[in-house]
Amino acid sequence: MGEPEVIVARDLDDLAARAAERVVDGLAAAIAGRGRADIALSGGSTPVALYRRLAVAPWRDRLPWEQVRLWFGDERYVPIDHPDSNMFLAQQTLLGRSSYSSETREAARGAGGPGEPVVGIPVPAVNVHAFAIGEALAEGHDAAWVAERYAADLADELPAGEGGDPAFDVVLVGMGPDGHILSCFPGSPALADDAPVCLAVPAPTHIAPHHPRLTLAPRVLRAATTVLVLVSGSGKATIVRDALGGDVTPEQLPASVLRRDGVTWMLDEAAAALLPG
Ligand code: 6PG
């Protein structure tokens, strides 16, 4: 298994700066290698500082963003213009687009046309792969339908990596106070080695927001080239200590599956305060 790389930044702003470097390096390497790059974004509050940094100079100008495709590691089962939506968060902070309608990606293709740049990082709307929640709500499909559709899109669009899973070039992951990653909470069926690539998750009662979720299975992260776990704040210090050194199982603490080589944990000093040395 090996051990992960652990980077300790002074504070959240420094963490965002270092993470921006890693994200741009990872995407640039993929573009150099295969002419495109696929990144899975995280929800939550921690990555916001990173997204805002990427959305402006110099980072906005560091990549041919039209060759980048954005995906999501998980999503809340709400319309993409709902304030709790991870897509909404990305629009507001990374894409700078405040009026992305609740269209699916296909409908957006007609609305804006492929290649239409958006404010923020100039990723064409057609490259932004939101979960088809709006479509499901409009047509009466359930969350499982959305999950299956997303998994099919990933299989169509990404190369196959370890275990035949879709291979992201970069994956951003946050960790909740209960040690969840993505929307994979302790005891989740998503933790199974034979879990589907993407699955619907009932609304968590212990973690806000209490919406049903969609999540990639953590197993998919094994196929990724760059996995960055971004954790900030003293409130996470204990769970970080346990995730990186505790005698825990993934069922107890899902983030512990990322205690392995090939993964980079990017912490601020407050979150790293209880780590040895
Ligand atoms: C989500 C995220 C979730 C998040 C953690 C940490 O949809 O909420 O994917 O996994 O990363 O809950 O959230 P914070 O960064 O807000 O602490």
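Small disclaimer: the values here were computed from a predicted structure and weren't measured. Side chains are part of it too, since the values below use all heavy atoms of this structure and drop only hydrogens, waters and symmetry mates. All ligand and atom numbering here is 1-based and tracks the order in the structure.
- Enclosure of atom CG in Asp247 is not indicated, since only 12 or fewer non-hydrogen atoms of other residues, nucleotides or ligands lie within 6.0 angstrom.
- Shown are His210, His211, Arg76; of these, the side-chain hydrogen bond (donor to acceptor under 3.5 Å, both in side chains) with Asp84 is made only by His211.
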Give one line per pair: atom of ligand 1, protein atom, distance. Only N/O to N/O under 3.5 Å.
unit_1: ligand 1; atom_1: 7 (O); unit_2: Asp74; atom_2: OD2; d: 2.9
unit_1: ligand 1; atom_1: 7 (O); unit_2: Arg76; atom_2: NE; d: 3.0
unit_1: ligand 1; atom_1: 7 (O); unit_2: Asn86; atom_2: ND2; d: 3.0
unit_1: ligand 1; atom_1: 8 (O); unit_2: Arg76; atom_2: NH2; d: 2.7
unit_1: ligand 1; atom_1: 9 (O); unit_2: Asp74; atom_2: OD1; d: 2.8
unit_1: ligand 1; atom_1: 9 (O); unit_2: Asp74; atom_2: OD2; d: 2.8
unit_1: ligand 1; atom_1: 10 (O); unit_2: His180; atom_2: NE2; d: 3.3
unit_1: ligand 1; atom_1: 10 (O); unit_2: Leu182; atom_2: O; d: 2.6
unit_1: ligand 1; atom_1: 11 (O); unit_2: Ser42; atom_2: OG; d: 3.4
unit_1: ligand 1; atom_1: 12 (O); unit_2: His180; atom_2: NE2; d: 2.8
unit_1: ligand 1; atom_1: 15 (O); unit_2: Ser45; atom_2: N; d: 3.3
unit_1: ligand 1; atom_1: 15 (O); unit_2: Thr46; atom_2: N; d: 2.9
unit_1: ligand 1; atom_1: 15 (O); unit_2: Thr46; atom_2: OG1; d: 2.6
unit_1: ligand 1; atom_1: 16 (O); unit_2: Ser45; atom_2: N; d: 2.8
unit_1: ligand 1; atom_1: 16 (O); unit_2: Ser45; atom_2: OG; d: 2.7
unit_1: ligand 1; atom_1: 17 (O); unit_2: Lys236; atom_2: NZ; d: 2.7

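- Between the side chains of Thr215 and Asp74, no donor-acceptor pair is found at a separation under 3.5 Å.
- When atom types are taken as modelled, the side chain of Gln67 and the backbone of Ile31 share no donor-acceptor pair closer than 3.5 angstrom.
- Screening residues 224-235 for side chain to side chain donor-acceptor pair (under 3.5 Å) gives Ser232-Asp268 as the qualifying pairs, with residues at least two apart or on separate chains.
- Inter-residue side-chain proximity for Leu50 and Leu172 is flagged as met; some heavy-atom pair is nearer than 4.5 Å.
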